[in-house]
Amino acid sequence: MTMPDLVILCGGKGSRLKSVISDVPKPMAPVAGHPFLEILLSYFCDLGFENAILSIGHMASVISDHFGDKFRRLNLHYCVDPEPLGTGGAARAAAKLCKTETVLVCNGDTFVEFDLQQAMPLWERTRSPIVFALRVPDAERYGRIHIDENSEAHFIGRGHPGEGFISSGVCLTPRALFLSDDTPIPFSFEDFLFDSQRRGKIFAIEAGGRFIDIGIPEDYHAAQHLFQSR
């Protein structure tokens, strides 16, 4: 299969991590001796991706100066947000720079292990957005999603404690979804995907692998131990 272009959302300020890091953008936070984004890019290299568009904003030059236009086998391109666009606006702007008809969107502060090949039968059948979902002990913090017997996904929302599925933030989607969209910015990518007013369906498949989001100090410290053992 032709690998989709990769969009990595790296524009967040990391306000909740200020007590831990303040001199670099959140995706560049040092984890086990390396910028977190370097660990993430290495993972995508190992999966076979070839082209990545990094959506950058806060302290953008720290990222672009560090990586340049190449990381291992990955060709890197940058989409600089002149103003906060939200994850949805940033994904839309970056997707317009992609060349493939299919795009994989993910967050620059989250590591998720997933099997892209496992999603391909569902993709060939639906040609609709597919979110890689995670089963967690308590979905309340993240927002629960329901996956029916046809793999169709529906956002239930926060405030529903207990075991369940959440979105990992990794989504395989048609590039055309962004090209035809005119949602006012800023807006959330996941709110856009799960908007009941949006035409079309969204599907989900379980990621099944390891997951870490470095967005809060507790998880940032947990990431140090996770990747130190790699």
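- Residues F189 and C171 have side chains in contact (heavy-atom distance under 4.5 Å, counting atoms from C-beta outward).
- In this structure, the side chains of C45 and F71 come closer than 4.5 Å at one or more pairs of heavy atoms.
- The shortest heavy-atom contact between I145 and A204 is CD1-CB, 4.5 Å.
- Side-chain contact annotation: K70 with N75, donor-acceptor N/O pair under 3.5 Å present.
- Ion pairing between K99 and D5 fails under the 4.0 Å rule for side-chain N and carboxylate O.
- Distance check: C106 SG to F132 CZ gives 11.0 Å after rounding to the nearest 0.5 Å.
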Chi angles and distances behind the side chain to side chain contact (heavy atoms under 4.5 Å, CB included) call for T102, M3: CA-CA 8 Å; T102 309; M3 295 298 285; over 6 Å; no
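- Taking both residues in full, the closest heavy atoms of A133 and I147 are given as CB-CD1, 4.0 Å, listed atom of the first, atom of the second, then distance.
- Legend: side-chain hydrogen bond (donor to acceptor under 3.5 Å, both in side chains) pairs involving residues 139-148, not counting sequence neighbours, sorted by first then second residue: R141-D219.
- A search for side chain to side chain contact (heavy atoms under 4.5 Å, CB included) contacts involving S167 returns V131, E190, not counting sequence neighbours.
- Residues L40 and P27 are not in side-chain contact: their nearest non-hydrogen atoms beyond the backbone lie 4.5 Å or more apart.
- Rounding to the nearest 0.5 Å gives a distance of 4.0 Å between OG1 of T110 and CG of D213.
- I166 CD1 to R158 CZ: the interatomic distance, rounded to the nearest 0.5 Å, is 10.0 Å.
- Across all their heavy atoms, R92 and I185 have their closest contact at NH2-CG2, 3.1 Å.
- Here CG of L122 is found 4.0 Å from CD1 of I130. Values are rounded to the nearest 0.5 Å.
- Enclosure of atom CG in N150 by more than 12 non-hydrogen atoms of other residues, nucleotides or ligands within 6.0 angstrom is indicated.
- Between N51 atom CG and L76 atom CG the span is 9.0 Å, to the nearest 0.5 Å.
- The minimum heavy-atom distance linking A207 with V112 is given by the pair CB-CG1, 4.0 Å.
- For the ring-ring contact (aromatic ring centres under 6.0 Å, His included) test with F111, the passing option among F44, Y220, F211, Y43 is Y43; the others fail.
- The environment of NE2 in H160 is crowded: more than 12 heavy-atom neighbours from other residues, nucleotides or ligands sit within 6.0 Å.
- In terms of modelled atom types and a separation under 3.5 Å, the side chain of E113 and the main chain of R210 share a donor-acceptor contact.
- Between L85 and A90 the shortest heavy-atom distance is CB-N, 3.6 Å.
- Between F67 and M28, the closest side-chain pair of non-hydrogen atoms falls below 4.5 Å.
- With sequence neighbours left out, R198 forms a salt bridge (Lys or Arg N to Asp or Glu O under 4.0 Å) with no residue at all.
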Between H66 and E38, is a side chain to side chain contact (heavy atoms under 4.5 Å, CB included) present by the stated rule, with each step listed? CA-CA 10 Å; H66 179 85; E38 193 171 296; 3.3 Å; yes
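- Connection of F114 to L134 is established within a shared hydrophobic cluster, with ILVMFWY side chains joined at heavy-atom distances below 4.5 Å, either directly or through further cluster members.
- By the salt bridge (Lys or Arg N to Asp or Glu O under 4.0 Å) test, K201 pairs with E152, sequence neighbours left out.
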Start with the C-alpha gap between R72 and D46, add the side-chain angles, then the distance that decides, and say whether salt bridge (charged side-chain N to carboxylate O under 4.0 Å, His left out) holds. CA-CA 10 Å; R72 289 176 49 187; D46 293 341; 2.7 Å; yes
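- For D138, there are no side-chain hydrogen bond (donor to acceptor under 3.5 Å, both in side chains) partners, not counting sequence neighbours.
- Cluster membership for L104 and L177, using ILVMFWY side-chain heavy atoms within less than 4.5 angstrom, is not shared.
- Classified by interplanar angle (parallel below 30°, tilted 30° to 60°, perpendicular above 60°), the ring pair F194/F155 is tilted.
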Could you check L41 against F49 for side chain to side chain contact (heavy atoms under 4.5 Å, CB included), going step by step and ending with a plain yes or no? CA-CA 9 Å; L41 291 176; F49 284 85; over 6 Å; no
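- For the pair E101/P174, no side-chain contact is recorded, criterion being any heavy-atom separation below 4.5 Å from C-beta on.
- No continuous path of ILVMFWY side-chain contacts below 4.5 Å connects V31 to L9, so the two sit in separate hydrophobic clusters.
- The closest side-chain heavy-atom distance from P4 to L116 is below 4.5 Å.
- You'll find the side chain of I56 stays beyond 4.5 Å of the side chain of C79, heavy atoms only.
- Note on Y78: it does not cluster hydrophobically with V7, by side-chain heavy-atom contacts below 4.5 Å among ILVMFWY residues.
- With sequence neighbours left out, E149 forms a salt bridge (Lys or Arg N to Asp or Glu O under 4.0 Å) with no residue at all.
- A pairwise comparison of heavy atoms in L17 and G215 identifies CG-O, 3.8 Å as the closest pair.
- For the pair I63 and P25, the minimum side-chain heavy-atom distance is below 4.5 Å.
- For the atom pair OG of S128 and CD1 of I202, the computed distance is 9.0 Å after rounding to the nearest 0.5 Å.
- Under the 4.5 Å side-chain heavy-atom criterion for ILVMFWY residues, a single connected hydrophobic cluster contains both F178 and F187.
- Checking side-chain atoms of R175 against main-chain N and O of A95 turns up a donor-acceptor pair under 3.5 Å.
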